[in-house]
Amino acid sequence: MAFEVNQYVFHKHCGICLVQALAPLPGMNNGMLYYVLSPLFGDDKGSIVRVPVDGASSLGTPIDKDQAMDLIANWPSPKKDIYIADSKLRKQSYESALKEGNLIALIPLLQGALQRKARDGHLNSMDSQFVNRAAPLVYGSISLALDINYDDVSRFIADHVA
């Protein structure tokens with residue numbers, strides 16, 4: 001799949017990015033082009049990410065409005081505790097979901113961690129790191145798809161989940 005300059009893409013590790021340019025690595029003239037990406041949300045915001053055009057398997061098309069509303073319609077109920085208590089299983093689940101960059105896999109894990117934060121008032125280091133990586137992937141995708149401010153996404157979801 002080829003992407004164009006000024007197009008939004010979903011990077012499975014950085015979330016929503018804007019394609020700034022197609023260019024070789026600085027100082028390299030081997031003919032290999034890279035997507036020069038600017039992540040829009042989270043800790044990666046403001047950085048530059050380069051992905052080889054020929055090996056862009058980590059990139060995809062962002063979700064659309066219908067897909068975002070489907071994700072929200074299937075969002076886990078906040079009334080059901082879905083936090084994974086077993087720390088080894090939780091760590092494996094976190095790592096697998098982040099490696100895949102799959103929103104459907106990330107959402108229940110994110111919801112579970114946020115439930116724990118609401119219940120206990122804080123998160124341990126592992127949960128906090130996961131939330132910091134997963135929230136921009138999930139909320140950033142929904143923000144772009146629904147054209148709402150990133151900071152308003154969690155409230156929008158809460159207003160639409162029973």
Side-chain angles (χ1 to χ4, degrees), residues 1 3 7-19 35 37-52 55-162:
M1 180 177 298
F3 300 104
Q7 182 179 359
Y8 292 108
V9 296
F10 178 81
H11 186 290
K12 68 181 185 178
H13 301 296
C14 301
I16 300 297
C17 299
L18 182 64
V19 178
Y35 291 113
L37 307 175
S38 177
L40 300 184
F41 307 105
D43 291 342
D44 294 316
K45 182 178 179 177
S47 65
I48 295 295
V49 176
R50 290 178 173 84
V51 177
S57 62
S58 62
L59 300 181
T61 304
I63 62 172
D64 63 24
K65 182 177 182 176
D66 290 337
Q67 291 167 316
M69 292 308 292
D70 284 345
L71 288 175
I72 294 168
N74 293 297
W75 201 270
S77 170
K79 298 172 186 167
K80 182 180 177 194
D81 186 4
I82 57 174
Y83 181 72
I84 301 171
D86 180 314
S87 64
K88 285 185 179 180
L89 178 59
R90 191 170 68 253
K91 182 179 181 183
Q92 289 173 339
S93 298
Y94 286 174
E95 289 172 350
S96 175
L98 286 170
K99 183 179 179 184
E100 293 174 21
N102 181 327
L103 299 179
I104 293 170
L106 288 166
I107 288 171
L109 297 170
L110 179 60
Q111 178 69 15
L114 294 174
Q115 285 174 337
R116 176 171 183 199
K117 183 177 182 180
R119 181 179 64 233
D120 298 348
H122 68 282
L123 290 174
N124 65 32
S125 172
M126 178 175 59
D127 292 338
S128 181
Q129 288 174 8
F130 173 74
V131 169
N132 286 341
R133 294 303 303 168
L137 298 177
V138 174
Y139 294 160
S141 293
I142 293 171
S143 171
L144 179 69
L146 300 181
D147 194 27
I148 58 176
N149 188 296
Y150 178 88
D151 295 329
D152 296 333
V153 171
S154 60
R155 188 179 62 230
F156 182 89
I157 293 167
D159 290 347
H160 291 82
V161 174

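Throughout, numbering of the chain's residues begins at 1 and tracks the sequence.
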For residues 100-112, tabulate all N or O donor-acceptor pairs below 3.5 Å that involve a side-chain atom, not counting sequence neighbours.
{"from": "Glu100", "atom 1": "OE2", "to": "Ser96", "atom 2": "OG", "distance (Å)": "3.4"}
{"from": "Asn102", "atom 1": "OD1", "to": "Ile104", "atom 2": "N", "distance (Å)": "2.8"}
{"from": "Asn102", "atom 1": "OD1", "to": "Ala105", "atom 2": "N", "distance (Å)": "3.3"}
{"from": "Gln111", "atom 1": "OE1", "to": "Trp75", "atom 2": "NE1", "distance (Å)": "2.9"}

Does some side-chain heavy atom of Asp44 sit less than 4.5 Å from a side-chain heavy atom of Arg133?
yes

Mind checking whether Val49 and His13 have side chains closer than 4.5 Å, heavy atoms only?
no

dist Gln7:CD -> Leu59:CG (nearest 0.5 Å) comes out at 10.0 Å

Would the number of heavy atoms belonging to other residues, nucleotides or ligands and lying under 6.0 Å from NZ of Lys12 be above 12?
yes

Listed once per pair and sorted, the ring pair (Phe, Tyr, Trp, His ring centres under 6.0 Å) pairs that draw on residues 135-158, sequence neighbours left out:
Phe41-Tyr150, Phe156-His160

Quick one: closest heavy-atom pair of Cys14 and Leu137, and the distance?
C-CD2, 3.6 Å

Could you give the distance from CG (Leu146) to CG (Asp66), rounded to the nearest 0.5 Å?
9.5 Å

Go through the steps to decide whether Val9 and Tyr35 satisfy the test side chain to side chain contact (heavy atoms under 4.5 Å, CB included), and finish with yes or no.
CA-CA 10 Å; Val9 296; Tyr35 291 113; over 6 Å; no

Tightest non-hydrogen contact, residues Ile63 and Ala145, listed as O-CB, 3.5 Å

Would the distance check show the side chain of His122 and the main-chain N or O of Asp120 forming a donor-acceptor pair, the cut-off being under 3.5 Å?
yes

Counting distance only, does the side-chain N/O of Gln67 pair as donor-acceptor with the main-chain N or O of Asp64 below 3.5 Å?
yes

Over 12 foreign heavy atoms within 6.0 Å of CG, Asp159
yes

Could you tell me the separation between the CD atom of Gln92 and the NZ atom of Lys88, rounded to the nearest 0.5 Å?
8.5 Å

Under 4.0 Å between a side-chain nitrogen and a carboxylate oxygen: does that hold for Asp86 and Lys91?
no

Could you state the interatomic distance from CD1 (Ile142) to CD1 (Ile148), rounded to the nearest 0.5 Å?
7.5 Å

Nearest heavy-atom contact between Pro136 and Val131 is CD-O, 3.9 Å

Which ring pair (Phe, Tyr, Trp, His ring centres under 6.0 Å) pairs, counting each pair once, include a residue from residues 82-113, with sequence neighbours left out?
Tyr94-Phe130

Any side-chain heavy atom of Asp127 sitting closer than 4.5 Å to one from Lys117?
no

Could you tell me whether the side chain of Cys17 reaches within less than 4.5 Å of the side chain of Pro39, counting heavy atoms only?
yes

Do Ile16 and Phe10 have side chains that get closer than 4.5 Å, going by heavy atoms?
yes

Heavy-atom nearest pair, Leu37 first then His11, reads CD1-CD2, 4.0 Å

